[in-house]
Amino acid sequence: MRRKYTQEELRFLKNFGERLRELRENVGLSQTALETDAKMSKNQVGRIERGEISTSVVNLHLLAQALEVEIKDLFDFEK
């Protein structure tokens, strides 16, 4: 059973998702292309970008590689 996120956690997920979308758009990738490059399941990037789900450390690594950025760049946003 998944626990409910606090308002602060939801805000963090939303901000992270917006940052991921910004980085993805900057390199000109669609959500589908990023999912393919990062070896993620269908619709997962969209759900992360909308702040609907959290993701694993391994997925962060794969996303950063696909976007050709460092993992820390995924977190370069105002909390």
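Keep in mind the model is a prediction, meaning the values are calculated, not measured.
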* Would you sort out whether Val27 and Glu68 count as a side chain to side chain contact (heavy atoms under 4.5 Å, CB included), showing the intermediate values? => CA-CA 9 Å; Val27 296; Glu68 298 181 0; over 6 Å; no
* Does Leu23 reach the side chain of Leu63, with side-chain heavy atoms less than 4.5 Å apart? ->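 Side-chain contact under 4.5 Å: no.
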* Please round to the nearest 0.5 Å and tell me the distance separating atom CZ of Arg21 and atom CZ of Arg50. =>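 Arg21 atom CZ to Arg50 atom CZ measures 8.0 Å (nearest 0.5 Å).
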* To do: Give the ring-plane orientation class for Phe75 versus Phe16, where under 30° counts as parallel, over 60° as perpendicular and anything between as tilted.
  =>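 The arrangement is tilted - the two ring planes meet at 30° to 60°.
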* Taking atom CD1 of Ile48 and atom CG of Asn43, what is their separation to the nearest 0.5 Å? ->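 That separation rounds to 11.0 Å.
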* To do: Report the distance from atom CG of Leu13 to atom CD of Glu52, rounding to the nearest 0.5 Å.
  =>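 The CD atom of Glu52 is 10.5 Å from CG of Leu13, to the nearest 0.5 Å.
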* Where the side chain of Arg24 meets the backbone of Leu29, is there a donor-acceptor pair that is under 3.5 Å apart? ->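 Confirmed, Arg24 side chain pairs with Leu29 backbone.
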* **side chain to side chain contact (heavy atoms under 4.5 Å, CB included) assessment of Ser54 paired with Tyr5** => CA-CA 10 Å; Ser54 183; Tyr5 295 118; 3.4 Å; yes
* To do: Look only at the side chain of Asp73 and the backbone of Glu70, and say whether a donor-acceptor pair between them is shorter than 3.5 Å.
  =>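 Yes, Asp73 side chain to Glu70 backbone: donor-acceptor pair under 3.5 Å.
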* Asked: Got Lys72 and Asp76 here, is their nearest side-chain heavy-atom distance under 4.5 Å?
  ->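 No, every pair of side-chain atoms sits at 4.5 Å or beyond.
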* For the student: nearest non-hydrogen atoms of Asn15 and Glu78, plus distance ->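 Heavy atoms only, the tightest pair is ND2-O, 3.1 Å.
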* Heavy-atom closest contact (Ala33 atom, Ser30 atom, distance) ->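 Where Ala33 meets Ser30 most closely, the heavy atoms are N-OG, 3.0 Å.
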* Say whether, by atom type as modelled, one donor and one acceptor occur between the side chain of Thr6 and the main chain of Glu9 under 3.5 angstrom. =>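 Present.
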* **Least distance between heavy atoms, Ile71 atom then Leu60 atom** =>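 Closest pair (atom of Ile71, atom of Leu60, distance): CG1-O, 4.1 Å.
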* **Close side-chain approach of Leu67 to Leu20, heavy-atom, < 4.5 Å** =>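 Of all side-chain heavy-atom pairs linking Leu20 with Leu67, at least one is under 4.5 Å.
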* **Residues clustering with Leu62 (ILVMFWY side chains joined when closer than 4.5 Å, directly or via others)** =>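 Traced through the cluster, Leu62 reaches Val58.
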* Asked: Are any of the side-chain nitrogens in Glu8 or Arg11 under 4.0 Å away from the carboxylate oxygens of its partner?
  ->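 Here Glu8 does not pair with Arg11 in a salt bridge, since their nearest N and O are not under 4.0 Å apart.
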* To do: Can you sort out the partners of Lys14 under side-chain hydrogen bond (donor to acceptor under 3.5 Å, both in side chains), two or more places apart, ordered by chain and number?
  =>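 Lys14: side-chain hydrogen bond (donor to acceptor under 3.5 Å, both in side chains) contacts with Glu18.
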* Asked: For the atom pair CD (Glu35) and CE (Met40), what is the distance rounded to the nearest 0.5 Å?
  ->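 Answer rounded to 0.5 Å: 7.5 Å.
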* **Steps toward side chain to side chain contact (heavy atoms under 4.5 Å, CB included) verdict (Gln44, Ile53)** => CA-CA 8 Å; Gln44 194 168 358; Ile53 59 170; 4.0 Å; yes
* **Arg19 side, atom CZ; Leu74 side, atom CG - distance, nearest 0.5 Å** =>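 Reported value, rounded in 0.5 Å steps: 7.5 Å.
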